[in-house]
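All heavy atoms count here, side chains included; hydrogens, waters and symmetry mates do not. Both ligands and their constituent atoms are indexed starting at 1 by order of listing.
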Amino acid sequence: DVPKIYVITPTYARLVQKAELTRLSHTFLHVPQLHWIVVEDAPQPTPLVTDFLAASGLTYTHLYKLTPKDRKLQEGDPSWLKPRGAEQRNEGLRWLREMGSAAKGKEAAALEEAVVYFADDDNTYSLQLFEEMRYTYRVSVWPVGLVGGMKFERPVVEDGKVVRFHTGWRPNRPFPIDMAGFAVSLRFVLTSPQARFDGDAQMGFLESSFLQHLVTMDDLEPKADLCTKVLVWHTRTEKPKMKREDALQKQGMGSDPDVEV
Ligand code: UDP
Ligand code: MN
């Protein structure tokens, strides 16, 4: 069998959640040996996500971890104020480490080959991306499209090595690289218990807070034709307008709340 890919996805309840999860799951259904770790930002598993996963046809683990209130973006806060999804990704890592320490024999050997990827629920992923990351020794990297106010950001490769980063903003961050732009070998995650996301990280430093415990720039493994191909896009979904819904609701004629959207 080819190495497994463990994909950790933080997700939270909002109008577009089921649409995002549907799109994402339909991508993942095309990827062999993918195990989806879905971590809800919620105090308990929600019926929507529970039922969705049961019907998805994917191999998955369903977890939940509520972001503490003081760490959560409040209505009206600028979107860059606090990192999103940090607690949930850490919960996914916790589950992997727990599973890793319980594994024995053939199962443990398979884990040695596996890779971990952090996939937000709203991005757009090419199938080729998963084959690029599948064989990762420590940390592999590649370009991300439509991110950071740029057409793309990417590691710059010279003589097969990452030597710097093409980014529009604070290039001197330890790893100026989006969450969608790297994968880590599971073996490396399991042997590096200090590697976790810092929920208090400054804007743009969440990825660095994780990666700087693991590698230096010199160790990065460039994928996607030496980082010349964009295979993942940091797309964001517009918040749907509910003007008519709100108006009808005031007259007691809102859409049936028993219909799941
Ligand atoms: N997320 C979450 N709780 C929140 C906000 C976001 O779990 O309160 C998740 C979201 O579903 C996504 C990830 O964290 O998978 C990153 O969030 P978002 O896509 O909003 O961030 P951005 O696109 O701005 O980087
Ligand atoms: Mn996003």
Side-chain angles (χ1 to χ4, degrees), residues 6-28 36-46 48-50 52-53 56 58 60-95 116-126 129 143-150 152-153 167-170 173 175-183 196-211 230 232-240 261:
Y6 288 91
V7 177
I8 299 179
T9 299
T11 188
Y12 70 111
R14 68 236 194 249
L15 283 167
V16 299
Q17 183 179 33
K18 194 176 182 184
E20 304 283 33
L21 294 176
T22 298
R23 190 155 38 96
L24 198 54
S25 71
H26 290 180
T27 299
F28 294 164
W36 195 14
I37 303 171
V38 177
V39 191
E40 287 197 72
D41 185 351
Q44 64 228 356
T46 64
L48 187 148
V49 175
T50 303
F52 175 84
L53 287 172
S56 70
L58 286 160
Y60 66 89
T61 298
H62 184 185
L63 306 171
Y64 60 94
K65 181 88 192 181
L66 183 68
T67 305
K69 210 167 173 216
D70 56 311
R71 287 211 174 152
K72 192 137 178 135
L73 275 180
Q74 305 299 318
E75 189 82 33
D77 278 354
S79 70
W80 46 260
L81 196 64
K82 289 176 186 133
R84 277 162 299 242
E87 317 281 336
Q88 291 73 32
R89 295 185 193 97
N90 285 334
E91 175 62 8
L93 291 169
R94 187 200 60 72
W95 181 84
V116 181
Y117 181 53
F118 301 99
D120 290 353
D121 60 6
D122 57 342
N123 294 336
T124 305
Y125 305 90
S126 141
L129 179 71
V144 177
L146 312 178
V147 71
M150 304 276 288
F152 62 83
E153 291 183 343
T167 174
W169 185 77
R170 295 192 70 167
R173 286 175 286 161
F175 292 94
I177 186 170
D178 186 76
M179 198 63 69
F182 66 91
R196 56 195 318 284
F197 293 95
D198 176 4
D200 289 320
Q202 271 185 62
M203 166 194 180
F205 284 78
L206 188 62
E207 293 83 353
S208 295
S209 77
F210 177 76
L211 287 171
V230 174
V232 56
W233 297 262
H234 187 258
T235 44
R236 304 187 72 196
T237 302
E238 188 182 1
K239 191 177 174 202
V261 179

> How far apart are the C-alpha atoms of Val49 and Gln17, what are their side-chain angles, what is the distance that settles it, and do they pass the side-chain contact (heavy atoms from CB on, under 4.5 Å) test?
Replying inline: CA-CA 9 Å; Val49 175; Gln17 183 179 33; 3.7 Å; yes

> Would Leu93 and Phe197 satisfy side-chain contact (heavy atoms from CB on, under 4.5 Å), going step by step from the backbone distance to the final call?
Replying inline: CA-CA 10 Å; Leu93 291 169; Phe197 293 95; 4.2 Å; yes

> Is there a side-chain contact (heavy atoms from CB on, under 4.5 Å) between Leu24 and Trp36 once you walk through the steps?
Replying inline: CA-CA 10 Å; Leu24 198 54; Trp36 195 14; 3.6 Å; yes

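Counted by atom type alone, Thr67 and Glu87 present zero donor-acceptor pairs between their side chains at under 3.5 Å. Checked by atom type, the side-chain pair Thr235/Thr124 shows a donor-acceptor distance below 3.5 Å.
Note: Trp169 and Phe205 have perpendicular aromatic rings, judged against thresholds of 30 and 60 degrees for the angle between ring planes.
Heavy-atom contacts of Asp41 reach the following atoms of ligand 1: 2 (C), 3 (N), 4 (C), 7 (O), 8 (O) (cutoff under 4.0 Å).
Residue contacts with ligand 1 do not include Thr9, since none of its heavy atoms lies under 4.0 Å from the ligand.
Residues meeting the salt bridge (Lys or Arg N to Asp or Glu O under 4.0 Å) test with Asp200, sequence neighbours left out: Arg71.
Residue contacts with ligand 1 for His234 involve side-chain atoms from C-beta outward but no N, CA, C or O (heavy atoms, distance under 4.0 Å).
Evaluated by nearest non-hydrogen atom to atom 13 (C) of ligand 1, the leading choice among Asp120, Val147, Leu24, Asn123 is Asp120. In this comparison of Pro83, Ala86, Ala119, Gly85, the heavy atom closest to atom 14 (O) of ligand 1 sits on Gly85. The residue from Gln88, Arg236, Arg89, Arg84 that puts a heavy atom closest to atom 17 (O) of ligand 1 is Arg84.
Some N or O of Asp122 is nearer than 3.5 Å to an N or O of ligand 1, by distance alone.
Side-chain rings of Phe175 and Phe182 stay apart, their centers remaining 6.0 Å or farther from each other.
Judged by distance alone, the side chain of Asp120 and the main-chain N or O of Asp122 form no donor-acceptor pair under 3.5 Å.
Shown are the protein N/O/S atoms under 2.8 Å from the Mn ion (ligand 2), given by residue and atom: Asp122 OD1, Asp122 OD2.
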